[in-house]
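Below is one structure, written out as structure tokens, with a few remarks after it.
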Amino acid sequence: MSDEATRAILLGTAQDAGYPSIGCRNPCCEHARLDHALHSHPACLALCHPDGRRWLIDCTPEFPRQLAMLDGLCPPLNAAPDLAGILLTHAHIGHYTGLMHLGREALATPDLPVYGMPRLLDFLRSNGPWDQLVRLGNISLRELQPSGSLELAPGLNVEALPVPHRAEYSETVAFRISGTRASLLYLPDVDNWEDCQPPIEELLQSVDHALLDGTFFSGSELPGRDMRQIPHPTVSDSLRRFAALPQQKRCGIHFFHLNHSNPLLQPGSEACVQVEHAGMQVARPGQEFLL
């Protein structure tokens with residue numbers, strides 16, 4: 001492993017509520033409660049630069065445990081701060097509410113950079129308890145521009161790409177992350193592939209690795225729920241859509257942000273076999289990508 005490459009480390013692959021999910025007493029979660037190896041935190045990616053700085057993409061309700069996980073996998077160097085910054089995709093609970101741990105009751109960070117789109121930052125400034133983090137200087141809000149490139153460190157750039165998703169409180173973006181060796185697309189939430197601009201296939205052709213919204217394997221996982229209220233492209237549909245991509249690009253696709261009902265959380269399931277046969281992959285906690 002080269003010291004010159006940025007390490008991208010998955011600290012969670014589940015949907016916002018984690019796995020097993022609160023209140024679920026179905027076999028999918030009861031089985032996981034008995035086997036800690038199956039547990040997964042909500043989707044979160046760490047970026048570890050060779051100079052010792054570390055960033056998180058998304059800040060989940062499991063932030064304390066994910067930071068501890070990161071310390072074990074990529075300890076900070078030379079007494080560096082816990083984090084150099086946090087980049088947020090949008091304002092749904094699994095993606096920003098971990099910010100509460102940055103306040104004076106917990107880490108009490110000094111001016112930690114938090115990057116987000118304009119509407120998301122306005123939401124943080126205008127609503128408690130997040131506005132207190134701003135007033136007390138625990139976080140320093142940094143505005144991202146759509147499709148604008150942000151240099152986090154030498155040889156490490158991030159681009160915010162707007163994607164269609166429920167916008168109750170903020171816009172939603174994916175991130176295209178480029179290192180000196182490779183690039184990665186981080187896209188945990190999207191309503192559908194059809195409305196993505198640029199087209200999702202074009203985005204996939206532009207990166208070496210892709211972490212894609214795999215929330216539901218099929219549309220029948222949540223009986224009694226109106227799936228139109230929580231739209232996501234199903235993995236089954238994505239497998240068909242991306243079948244025409246070159247083998248190398250299909251191999252770089254990893255499905256994550258998995259709902260507790262998703263059989264991809266069960267290693268060896270028929271759903272996992274289908275993904276493997278399609279030449280794509282299921283993301284796993286702790287997985288690393290060299291950028």
Side-chain angles (χ1 to χ4, degrees), residues 10 12-19 21 24 26 28-29 40 42-43 45 58 89-90 92 94-95 161-168 171-176 184-284 287:
L10 265 175
T13 62
Q15 179 264 1
D16 299 39
Y19 181 67
S21 182
C24 177
N26 293 324
C28 59
C29 287
S40 181
L45 185 72
D58 283 335
T89 56
H90 64 300
H92 285 160
H95 301 266
L161 305 170
V163 295
H165 189 50
R166 295 178 289 115
E168 299 94 336
E171 321 90 328
T172 300
V173 295
F175 287 112
R176 180 161 46 194
L184 180 148
L185 178 67
Y186 179 91
L187 200 169
D189 274 290
V190 67
D191 286 347
N192 60 70
W193 298 129
E194 288 73 23
D195 294 331
C196 286
Q197 290 298 327
I200 183 60
E201 286 83 2
E202 183 177 321
L203 285 179
L204 293 175
Q205 292 280 12
S206 73
V207 295
D208 300 287
H209 314 285
L211 294 165
L212 294 188
D213 184 342
T215 306
F216 302 112
F217 190 80
S218 71
S220 60
E221 288 174 31
L222 297 178
R225 291 287 298 272
D226 184 353
M227 301 296 281
R228 292 173 297 183
Q229 296 180 4
I230 43 175
H232 292 270
T234 67
V235 173
S236 295
D237 288 341
S238 296
L239 295 180
R240 289 189 288 270
R241 180 175 184 123
F242 301 143
L245 289 173
Q247 181 180 0
Q248 181 181 4
K249 293 302 178 183
R250 282 185 282 122
C251 185
I253 293 174
H254 297 73
F255 293 105
F256 81 138
H257 194 266
L258 308 176
N259 196 62
H260 68 277
S261 59
N262 194 322
L264 293 182
L265 286 164
Q266 310 295 329
S269 67
E270 176 57 32
C272 290
V273 171
Q274 289 184 42
V275 171
E276 181 181 353
H277 284 175
M280 301 174 221
Q281 303 185 54
V282 180
R284 297 299 178 199
Q287 187 169 357

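Computed over heavy atoms, backbone and side chain alike; hydrogens, waters and symmetry mates excluded.
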Just jot down the ring-ring contact (aromatic ring centres under 6.0 Å, His included) partners of H254, sequence neighbours excluded, or say none.
F289
Under 3.5 Å, which donor-acceptor pairs link side chains of residues 268-279 to any protein atom two or more places apart or in another chain?
{"from": "S269", "atom 1": "OG", "to": "P263", "atom 2": "O", "distance (Å)": "2.9"}
{"from": "S269", "atom 1": "OG", "to": "Q266", "atom 2": "O", "distance (Å)": "3.1"}
{"from": "S269", "atom 1": "OG", "to": "C272", "atom 2": "N", "distance (Å)": "3.2"}

Side chain to side chain donor-acceptor pair (under 3.5 Å) between T13 and S40, intermediate numbers included
CA-CA 6 Å; T13 62; S40 181; 3.0 Å; yes
Write down the atom of [X], the atom of [Y], and the distance for their closest heavy-atom approach.
X: L203; Y: P198; value: CD2-CG, 3.8 Å
X: A210; Y: L204; value: CB-CD2, 3.5 Å
X: N262; Y: V235; value: ND2-CG2, 4.4 Å
X: G18; Y: P42; value: N-CG, 3.9 Å
X: V163; Y: L187; value: CG1-CD1, 4.3 Å
X: M280; Y: A243; value: CE-N, 4.3 Å

[atom2] on [Y] to [atom1] on [X], rounded to 0.5 Å:
X: H232; Y: R166; atom1: NE2; atom2: CZ; value: 5.5 Å
X: T89; Y: D58; atom1: OG1; atom2: CG; value: 3.5 Å
X: L211; Y: F175; atom1: CG; atom2: CZ; value: 13.0 Å
X: F255; Y: T234; atom1: CZ; atom2: OG1; value: 9.0 Å
X: H209; Y: Q281; atom1: NE2; atom2: CD; value: 10.0 Å
X: Q15; Y: H92; atom1: CD; atom2: NE2; value: 10.5 Å

Parallel, tilted or perpendicular: ring planes of H165 versus H90, cut at 30 and 60 degrees:
perpendicular
Could you tell me whether the side chain of L212 reaches within less than 4.5 Å of the side chain of W193, counting heavy atoms only?
yes
Before you tell me yes or no, could you show the steps for Y19 and L258 under side chain to side chain contact (heavy atoms under 4.5 Å, CB included), namely the whole-Å CA-CA distance, both residues' side-chain angles and the distance that decides it to 0.1 Å?
CA-CA 9 Å; Y19 181 67; L258 308 176; over 6 Å; no
Side chain to side chain contact (heavy atoms under 4.5 Å, CB included) assessment of V173 paired with L161:
CA-CA 5 Å; V173 295; L161 305 170; 5.7 Å; no
Counting neighbours of CD on Q248 that are heavy atoms of other residues, nucleotides or ligands and sit closer than 6.0 Å, is the number greater than 12?
no
Can you establish whether the number of heavy atoms outside E168 located under 6.0 Å from its atom CD is more than 12?
yes
Distance-only, no hydrogens or angles: does the [X] side chain make a donor-acceptor pair with backbone N or O of [Y] under 3.5 Å?
X: Q287; Y: R284; value: yes
X: K249; Y: V207; value: yes
X: N26; Y: C28; value: no

Check the pair I200, V190 against side chain to side chain contact (heavy atoms under 4.5 Å, CB included), reporting the backbone distance first and the verdict last.
CA-CA 11 Å; I200 183 60; V190 67; over 6 Å; no
Go through L245 and Q205 one step at a time and tell me if the side chain to side chain contact (heavy atoms under 4.5 Å, CB included) criterion holds.
CA-CA 8 Å; L245 289 173; Q205 292 280 12; 3.9 Å; yes
